[in-house]
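Letters A, B, ... are given to chains in the order of the sequence lines, protein chains preceding strands, and every chain is numbered from 1.
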There are 2 protein chains.
Amino acid sequence: MEKILEKDSVKCAVIVGAGIAGLKTASELYASGVKNCMLLEARPRVGGRLFTVKSEVFPERAYDLGGSWHHHTLENGLFLEELSLPKSERADFVFDIGSVIYMEHDGTLMNCEKVGLDALLNQLMQYIESELFGQEAEDVTFFEIFLRYIYEKHTSLSDRQIEILAMAAQNLEFWHGVDWKMLSGRWSEMDQNRRDAMVLNYDKIVGRIQRSFPEDWIKLNTEVRQIKRVGDEVHVTTNDGAVYRTEFCVVTIPRTVLALSLQEEKRMGRIEFIPPLNESISSKINKMHFGFLGKLILEFDKCTWENRCSNIFKAGIQKVHIDKEVRAARDFESFAKKIDSMTQDFKHYSDYPVAIVNMMAIAGIPSLIIFTKPPSTEYIENSCKAEIAKTFKPLIDIVIKAIGSPFDCIIDLESKITNNSDLKNPILKNVITTSWAKDPYSLGGYSACHAGDDPKGLVESINKGQDSRIRFAGEHTVFKSLGCSYGAWESGIREAQYILKQQRQ
Amino acid sequence: MEKILEKDSVKCAVIVGAGIAGLKTASELYASGVKNCMLLEARPRVGGRLFTVKSEVFPERAYDLGGSWHHHTLENGLFLEELSLPKSERADFVFDIGSVIYMEHDGTLMNCEKVGLDALLNQLMQYIESELFGQEAEDVTFFEIFLRYIYEKHTSLSDRQIEILAMAAQNLEFWHGVDWKMLSGRWSEMDQNRRDAMVLNYDKIVGRIQRSFPEDWIKLNTEVRQIKRVGDEVHVTTNDGAVYRTEFCVVTIPRTVLALSLQEEKRMGRIEFIPPLNESISSKINKMHFGFLGKLILEFDKCTWENRCSNIFKAGIQKVHIDKEVRAARDFESFAKKIDSMTQDFKHYSDYPVAIVNMMAIAGIPSLIIFTKPPSTEYIENSCKAEIAKTFKPLIDIVIKAIGSPFDCIIDLESKITNNSDLKNPILKNVITTSWAKDPYSLGGYSACHAGDDPKGLVESINKGQDSRIRFAGEHTVFKSLGCSYGAWESGIREAQYILKQQRQ
């Protein structure tokens, strides 16, 4: 088979994927004096699942379609690095301030006063730890462990505590992008006091890391098709027929795309490993899942709602009185079964629970970001703007009214209403949606665990690498920071240090 | 849980999906005097995977993005029905005339004279039958059985016979939309003399069937979420919260979407069955696969190539001398392994083998339709028109040159070149692509078998229905006409007759 072998010398490292993990690997290697790396990226841009877009309608507004927070800022190395920079060089950020506003589907605000939600969440976390982390403990869904907690403790909880706790529990779906009936109880990470900060915007961080090594290390629009171990080298074949010879290869593609390697079928983004992925990785790679969080960004011409509350949770359309049900229940099984059947939302895509970020409170721009989970995520990815706007209009009106807008919104995606119209209503001028689930280079959002998953096992296997020269980095290769952009960034440092250590030996 | 129960009487039948199977079921029931049916369709249109679109650039040109042939016209009931109609009422059709033109990747035309391809294909089919249909025979991939045939018979085959046979074998990928290395040998259906006819266009047939029963039976934009057996009734719940009570329910959604019912995860199009799909169906539903055929329609301003040849097969970029390899082989295993490694195309998406239909020969319009298989199908579904045009331009130029064009094509997707320009080159004005694989209501093309599949078993199970009242129709529920539009149509008649018979009893 004819192959164009690159004429120049064997590279030190070929990095597959120019997301933050790949960029950071390259950056670290360059900082340590490595002179010849290649970063191969299938997309026409760097950043991977960090992706800032500018609005086409309001050019001064920008949004992160992918990761958009500094998570766990107390232990987030990337955040600490950012803090050490002059203000002009780092990305702005806004801490998640105040508490989430919980509202029922009809817009009724929940009164959270004197509920002691933080203490309750703390107790729930401890309960999960004691129930699901013992020697013999088996993982169950977050939905089940939550109901077990409510069932066991209900005599010491008020009706309102149960009600609000149920909303806070469902809000967790929008951290993981996974339905609470599938989400792992063990790995649900209920801690809501993580001091997260929204980044404005991630492109500044991505750009900074990208500029810290030579521009010509990066090759865009270049899909890797094959990674082959040949003696002491790795040969990396790309779609343009080039074969890169390298001492080390760091594969940073998402876990979902990596899992395609186990199947025979040719798919976009699939890499053929020769020899195939080792037994330790193959057996674990599907012991983790992916979240399918979607974002629906609604851009208005002006703000008619209040600018203080930043985070809102709106419950699903079916009002479920968990408090009444638990007190009337004969046994746990019948209680759980009843709540399960009462929380099957089977109507409009806008009837599911949603989390909403009010960008007026965060960045002073009159846009709302609605977070969705499946199947609404698929719906927004596959429908046209006009249809989405129509579907979500009733929900938007309820939400903006609940947070102080005296006026319903008007849809005007085709800009038929002039800017100097006298209308007092907020006018929806544009809709932006994410498409991570259908994007063949991501096939979903980020790592998240279903009940029974084994994230620790996968991370341990994958950190040992395919062998001593074919390595992995990315948000799915770290444990404490699993699924976070700073986790991906940390993994880049880890693999760069691994390579540097091997070279010294 | 609050549900709006339809106030009117129990329906005779609720049909899920208004593709040709669902439309025909409704049509048959109405013709037999049934007065109250509902046809619930998730998409904003009828037709399902029969979908005719008009070009936005050349409004007089229309294409079928989905099914576009009358297959097996000697035994195709839909075709025979069409023939019985006055010409003005039926859709035009053009028989696949003449033979396929086989060309190498560089455009070199293969000389098929005196090769006796038909006889060879016949022999290959007989070989497959004797090898894979015996009592104890195990299915293998079409790739493997083809190589076994070549290996066993090569002493009686000329070099050119082997070469052209290899191309004809690979052309089969575009009937099934499946890579020949995965395609079932047993169910490969090599018969190339099926007297197929291209339909111009299917919208006429779909419209005719649709108009044969009351318009208000059809409800578009209506997703079915739940199908529940309740005593002697079936309750069908839709996304708008309505519950339809019915005596019979005929589910015509694609097999891929039906298979979502086995998973817990909520997905667009997923139907929850209560009770769940029976053991017989569940155990068989994944014993069949789907083809992922894509179509890339290239619209030119004029034709500069010849208008006689309608079907072209262009080989992959790697020239493999199977004839030389087989004669030099030590044993079958090493021969098969070598050919396998030589036919891994890992470069541009345009380097894979493709089948091409010359619409000038068929309908007198200067458009070419390129058929793709994975991963090129995913590529055309997920890339922008300009990128696709750029990627495929070298291939287009090779093909049109090979069939007589003295000029390369010029890409002008943004209509910058005026209509009265003096350019003699064919100008590519528009690109149309299919999106069946990412469409959440189809999740692929149509039924096709991988090695080891059991289409007979699935069809037998599914034809028994979920129970006596919840039934299935569609192209995946028929055996001889599996994957064909007339098969779906036949299944509609079958289920209508089943219902009528039950009613009489």
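Looking at B/Tyr349 and A/Glu223, their side chains do bring a donor and an acceptor atom within 3.5 Å of each other.
Summarising the geometry, atom CD belonging to A/Glu378 is positioned 11.5 Å from atom CZ belonging to B/Arg270; distances are rounded to the nearest 0.5 Å. The distance from the NE2 atom of A/His348 to the OG1 atom of B/Thr238 is 8.5 Å, given to the nearest 0.5 Å.
Atom NZ of A/Lys385 is surrounded by more than 12 heavy atoms from other residues, nucleotides or ligands within 6.0 Å. Summarising the local packing, NZ of A/Lys393 is surrounded by more than 12 heavy atoms from other residues, nucleotides or ligands at distances under 6.0 Å.
A salt bridge does not link A/Glu264 to B/Lys181: none of the charged side-chain nitrogens sits closer than 4.0 Å to a carboxylate oxygen.
Side-chain contact between B/Met268 and A/Glu381 is absent, with no heavy atoms from C-beta onward closer than 4.5 Å.
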Legend entry - Derivation and outcome, side chain to side chain contact (heavy atoms under 4.5 Å, CB included), residues A/Lys266 and B/Asp179: CA-CA 8 Å; A/Lys266 281 178 191 162; B/Asp179 195 290; 4.2 Å; yes
